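Worksheet: the structure to be examined is printed underneath.
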Number of protein chains: 2
Amino acid sequence: MPHRPRQCSIADALSIVGERWSLLTLREVFLGVRRFDRIARNTGASRDILTARLTKLVETGLLEKKQYETHPPRYEYVPTETGQALHSVLLSLMDWGDRYITRTDPPTVWAHDCGATLRPVMVCEHCREPVRPEELTVVRVDQPNPE
Amino acid sequence: MPHRPRQCSIADALSIVGERWSLLTLREVFLGVRRFDRIARNTGASRDILTARLTKLVETGLLEKKQYETHPPRYEYVPTETGQALHSVLLSLMDWGDRYITRTDPPTVWAHDCGATLRPVMVCEHCREPVRPEELTVVRVDQPNPE
DNA sequence: GTGGTAAGTTGGATTTTCCAACTTACCAGT
DNA sequence: ACTGGTAAGTTGGAAAATCCAACTTACCAC
């Protein structure tokens, strides 16, 4: 019986943003840093790899490469709707890092338009209660290896 | 003036779970698959890399390695509280993948204890409204490169 | 003419990852 | 007793990804 990996949207997502520097590149873009040199400095990615990542993020439709000057040609990278939608993934990861890894004062703080400092909470759309892992059950899942 | 990368909890988080196979390994653990061979098959990770990842996840306190049999010794990996807390990051990533990448029927579906199929939504803890990127402002952020 | 900025590209070294085969130790069936 | 299967790795060598510093092109400012 052949074995295949589990079919899963997490794996699909990681095939787009799972390589090193992709998510930090998006972090910079979300913070408003949209040009090559600055993204390179702020992330620490080497320039050749950053070129590859930006190209991929453009090809996969997360960023758009816009020319903001013609002579000489200069570009900036702006998020598409698909790219924007990843913001909550980064907020989620940031919140986890804040709580369990960094442990000092959060290095980055966002304010919500409601006036409060943002504390992102994941809730169930239906009942609006926070999602706790122990209150979840798998309904359907790809089963690559029958028991 | 020396350049340093931005100090950030996303980077801190990725230093723990940003390598290839870490998040898929955690996905399996959250789905209840907690033994080496099965995790290897379901993720597709090669065995040596999986060994390294599991070791790191144990060392960083996301998983606990429990012996469930002594002769011969056999182990299983169970999430700690820190590990559990990553579940919402994976839900967030899964939701993004479902919506923008996979586009077919979601391969994995969770039910919430309230009875509904889970649709995870990120809200502001204070006002309980969904977090939309355009309603956020950076309050404080490490500035590695002064303008 | 000199220096600086922006957005890359290049070559070569280093590090990670992949892959298949091997190991140890037990159990189950014939 | 022998054969096959399972579990949890370990090993050696090849392949791929990443890192790094230097180079390029084209403009502008002094």
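This is a predicted model, so every value here is computed, not measured.
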| Whole-Å distance between dC27(D) P and Tyr68(A) OH? | 14 Å
| request: Heavy atoms only: give me the nearest Leu26(B)-Leu63(B) pair and the separation to one decimal. | output: CD2-CD2, 3.9 Å
| task | Answer yes or no for Lys65(A) and Tyr77(A): cation-pi contact, defined as NZ/CZ to six-membered ring centre under 6.0 Å and angle to ring axis within 45°. | result | no
| query | How bent is the helix from dG1(C)-dC30(D) to dT30(C)-dA1(D), comparing axes over its five end pairs at each side, to the nearest 10°? | reply | 10°
| query | Are Glu28(B) and Arg6(A) within salt-bridge range, i.e. N to O under 4.0 Å? | reply | yes
| remark: Sorted by position of nearest nucleotide on DNA chain D, 5' first, the leading residue of Ser46(A) and Arg74(A) is Ser46(A)
| Taking the six-membered ring of Tyr68(B), is NZ or CZ of Arg35(B) closer than 6.0 Å to its centre and within 45° of its axis? | yes
| task | Measure the acute angle between the ring planes of Trp110(A) and His87(A), then classify it against the limits of 30° and 60° as parallel, tilted or perpendicular. | result | perpendicular
| query | Which residue, Arg53(A) or Arg47(A), contacts DNA chain D at a nucleotide closer to its 5' end, judged by nearest heavy atom? | reply | Arg53(A)
| task | Supply the members, apart from Val121(A), of the Ile/Leu/Val/Met/Phe/Trp/Tyr cluster built from side-chain contacts under 4.5 Å; use none for a lone residue. | result | Val123(A), Val121(B), Val123(B)
| query | Nucleotide range of DNA chain C contacted by chain A, 5' to 3', under 4.0 Å to a heavy atom? | reply | dT5(C) to dG11(C)
| field | 4.5 Å side-chain heavy-atom contact, Gln84(A) and Leu62(A) | value | no
| remark: In whole angstroms, the gap separating C1' of dA17(D) from CD of Glu19(A) amounts to 9 Å
| request: Assess whether salt bridge (Lys or Arg N to Asp or Glu O under 4.0 Å) is satisfied between Glu19(A) and Lys56(A), documenting all intermediate values. | output: CA-CA 11 Å; Glu19(A) 289 154 306; Lys56(A) 179 169 180 175; 2.8 Å; yes
